[in-house]
Amino acid sequence: MGLAPGIVSLFGLLNDKDHEINVFIDEEIIKEKTITFHPNDNTATIFIGMSNMFKILEDLNYDYKIIKF
């Protein structure tokens, strides 16, 4: 992802030009209304609605799998 340890997030997918990364989402997370991410910099945090997270994945043309731990 081209990111330093500790700042890997959904937005790191922007650096995956060849779509080599598989996206897995814990089913417990999707119960939340809001999710937070570092914007590829761990000095800030972005709050987005869960539905917007899925829209970002769609807009980036990523498939994802919801998994249970």
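Bear in mind that the values here come from a model prediction, so they are computed numbers and not experimental data.
The side-chain heavy atoms of Ile56 and Ile48, taken from C-beta on, include a pair separated by under 4.5 Å. Side-chain contact between His38 and Phe11 is absent, with no heavy-atom pair separated by less than 4.5 Å. A 4.5 Å side-chain heavy-atom check between Met50 and Thr34 finds every atom pair outside the cut-off. Proximity of Ile25 to Leu57: side-chain heavy atoms (C-beta onward) are separated by under 4.5 Å at one or more points. In this structure the side chain of Ile67 never reaches within 4.5 angstrom of the side chain of Glu27, judged on heavy atoms.
Side chain of Asp41 to main chain of Thr43: a donor-acceptor pair is present (N/O by atom type, distance under 3.5 Å, no hydrogens or angles).
Taking the six-membered ring where the residue is Trp, Tyr64 and Phe54 present tilted rings, their angle falling between 30° and 60°.
Here the closest non-hydrogen pair linking Tyr62 and Ile21 is CE2-O, 3.5 Å. For the pair Gly12 and Asn40, the tightest heavy-atom approach, listed with the atom from each and the gap, is N-OD1, 3.2 Å. Contact record, Ala44 with Pro39: O-CD, 3.1 Å, taken as the closest heavy-atom pair. Minimum interatomic distance between Leu60 and His19 (heavy atoms only, all atoms of both residues): O-NE2, 2.7 Å.
For the side chain to side chain contact (heavy atoms under 4.5 Å, CB included) test with Val23, the passing option among Leu13, Asp63, Leu10 is Leu13; the others fail.
Taking NZ of Lys33 as the start and OG of Ser51 as the end, the distance is 11.5 Å to the nearest 0.5 Å.
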